[in-house]
Amino acid sequence: MEVASALELLARVDTNTAGSAALSSEDWQDLQARLMLSRKLFGGLIGDSHLTVAYEPQYARVQERRAHNWELLRQAAESNGLYFDPLNFGERRATHVLLWISKADLQSNLPHRFDSNLLAIHNPWAEESVRNWRGYTQISYFDAQRRRVPAGTSCANPTVMIPLAVYSLDSDRAPLLLADFRDPWKPKRLELLKRSADAIATGVLGYTGFGNLGYLSARMSWYWLRHRHGATVDRSERASLYAELRHLLALDGTLDPQLRRELQSRLDHLSINPFERSFDDESELARQQYAALLQFARSPEGLPVLLARERGREAVAISDGRSARTFLGIASVSTLGLYRHREPVTQELLALLDRQRRIDADIRYLRRVADSAPRIEVVWNMDEVGRRVEELGVLIAERSESREEAVGLIGRILAQTQDTETRRRCLNCLARLNGQGTPPVEVLAGAGE
Amino acid sequence: MTQGWYKPWACVAGLLAGCLVADASPRRVVVIKLDGVPADLLEQVRQDRDPRTGNSKLPWIDEVFARQGTRIANFYVRGISLSAPSWSLLDTGQHQRWVRWKPFTLGLRQRLFKTPHDLFDELQIGFDLQNSVFEQQEQELVEKVKDDRVLYLDLFCGDFDHVAHRGNDRIEQTRALQGIDAAIGRIWTAIQGSNLRDSTVMVVVSDHGHELCRGHV
């Protein structure tokens, strides 16, 4: 759930603003991809080269799901005479929808048909409680064609709107009801019912999936059918969607405060877990944890010690050879992680680490450049490419493990550009890396020199 | 959210590359057919600058068509929408008669026959087979460009249309256009490496636009 919240926050970061300039847009994307992959069993083992591939389909799937749910809900709302109001919490992408009913429509006494299949709420046209609504209302303005217009527009008619329900657009097959304004306990009742049914079947009647194949097949068939009909059968997904709305409400400053409070109180009703805290408690806890984090970062016994330990582990990769690293890895596994080799952190070691990180960053950048286009000067800023090539040439020592990879990459850049200055820089760099004053013959042959 | 409906009139916008501006007798035509790309959106994204590179967000379309070629907007207007099934009618005067399975099987093979490391990574990420046919067809086109006997080549891409039907997300639309732009770059480079580079016309054409609501979801 924390990962889902972090992803939602990162998706809202504008990577072009000054505040986020510490990381490039590629770094932000890599960060999001790594977080997405952390939810998969072996996601941590995926190489850097596949991070972009991991991020983009996931992003497309989310957009597709939202668009699908949007259209389903919009059509259902319009065919039932309700008003569809996307909640985008000040952002461009709407993740939730609030359905309203107009008080004027209610009082007109015109016959309305209502199909609750997708909406999962009671017929508002037939309920006295809606006609005599005393809860939260909002004034909206409509023109003569019943289109919503901003307040102050000429010929705009003010209409009192009554909120009915909030849905999430992020659920798998159909919009998920998160809050029912007339029946605040309804989503919780449904959750409790599902859990009780499970508890009675397994705890009281003793039916388990492994012990009773009939029960297993009936249960699986039921869930399959429910899923086919659009129900969100995955409990963790439902919990994640509830948490997402709570989170968005907590961070939002665009909604009417009274409406936000109403929504928050309805979501608080959903907390089934007795250990789950209220929103105010969670905010207080988050503040305390943030203060503790700051204290940890400032304390000489805190973050600096942790960083030194991590750098010591990172330095093993550059100060020890491959066989030594294998031996140290075996030692760590055989002692169940009690022993982990770390190099003592010195100024020389920090300088080496800094150099290796810059080499890695340059290689990643140049690989992205070389993979992107057959003629790179059409796509990339060649001053930056040339600068990175020169920097890489200076940074790579003759004995560096990355030398071979760097030579190959610079050779590819040389082959894929006709920019004279960049080619000159590539040739100089290759000559330096070759150590003989001339670039390697095989690289020149590949680049058509 | 996208309103996603075709405009009542079909918008056909064409881009013509001008490697043969100086050559009055083109011998070969390469046509890239795009489904549902609106000319105005394409132009807007082309004019946008990529903050990473300082170049256009569609660098190949900018280079090949805006700098070296020419663009024609709405050169063909009719009462009904053109779309994917109409392409074969335009090409051959007949509706599509059969399906060619080879790109599908070859594309699938290319996706699945990989190194164990790549296969493991893709297993975690989820196999993306959606573009496999287009990639295979693009690869076949790039191969055929080398053959001087082949004088007509075409490639159909429906990626943007899928994205525009899915939602009105500008980021996703830009990404789809950038994918098309990169393919145009690869094909253009292949043409430049061929013997007929000075007598090849490259045309990019879209069949219709989309009613995209600006500033909405």
Side-chain angles (χ1 to χ4, degrees), chain A residues 15-16 24-26 33 36-37 40-71 73-74 84 86 88 91-95 97 169 365 368-369 372-385 416, chain B residues 1-4 49-64 67-68 117-131 142 159 162-173 175-176 178-179 181-190 192-193 215-217:
Chain A
T15 53
N16 293 322
S24 67
S25 58
E26 285 88 4
M36 278 178 189
L37 291 171
K40 293 189 181 286
L41 184 59
F42 297 111
L45 299 176
I46 287 180
D48 287 344
S49 57
H50 279 91
L51 284 186
T52 319
V53 189
Y55 172 77
E56 286 180 357
Q58 184 72 20
Y59 180 83
R61 267 197 290 276
V62 170
Q63 292 303 107
E64 190 169 3
R65 196 182 291 175
R66 284 180 187 166
H68 167 82
N69 287 336
W70 170 294
E71 205 49 35
L73 197 57
R74 185 190 64 77
F84 178 90
N88 51 9
E91 297 291 331
R92 198 173 43 81
R93 287 167 281 187
T95 49
V97 168
L169 299 179
Y365 175 83
R368 200 164 261 173
V369 170
S372 66
R375 254 181 59 207
I376 55 178
E377 63 267 29
V378 175
V379 181
W380 293 89
N381 175 357
M382 295 312 284
D383 286 342
E384 177 64 10
V385 174
Q416 288 174 228
Chain B
M1 184 64 59
T2 183
Q3 299 306 305
R49 298 284 112 184
D50 187 335
R52 290 176 312 164
T53 63
N55 296 333
S56 163
K57 280 190 175 171
L58 302 177
W60 286 102
I61 288 176
D62 188 52
E63 170 74 15
V64 178
R67 290 169 196 252
Q68 300 183 33
H117 182 255
D118 285 348
L119 271 179
F120 172 79
D121 281 5
E122 286 207 18
L123 201 65
Q124 291 300 305
I125 296 163
F127 282 102
D128 179 21
L129 298 174
Q130 200 178 349
N131 290 329
V142 165
D159 285 2
H162 296 159
V163 166
H165 276 293
R166 189 188 294 158
N168 196 15
D169 184 33
R170 182 65 180 265
I171 299 171
E172 224 189 337
Q173 288 168 5
R175 199 170 285 159
Q178 285 175 321
D181 181 79
I184 287 173
R186 290 188 289 271
I187 294 166
W188 177 250
T189 309
Q192 293 303 294
H216 207 10
V217 174

Please report the closest heavy-atom contact between [X] and [Y], naming both atoms and the distance.
| X | Y | result |
| --- | --- | --- |
| A:N381 | B:T53 | CB-O, 3.2 Å |
| B:G185 | A:P374 | O-CG, 3.8 Å |
| A:W380 | B:N55 | O-ND2, 3.3 Å |

Can you tell if the side chain of B:W60 reaches within under 4.5 Å of the side chain of A:V379, non-hydrogen atoms only? yes
Approximate separation, where rounding is to 0.5 Å, of B:E63 CD and A:E377 CD: 8.0 Å
Given a strict heavy-atom distance threshold of 4.5 Å, which part of B:D181 is in contact with chain A: side chain, backbone, both, or neither? neither
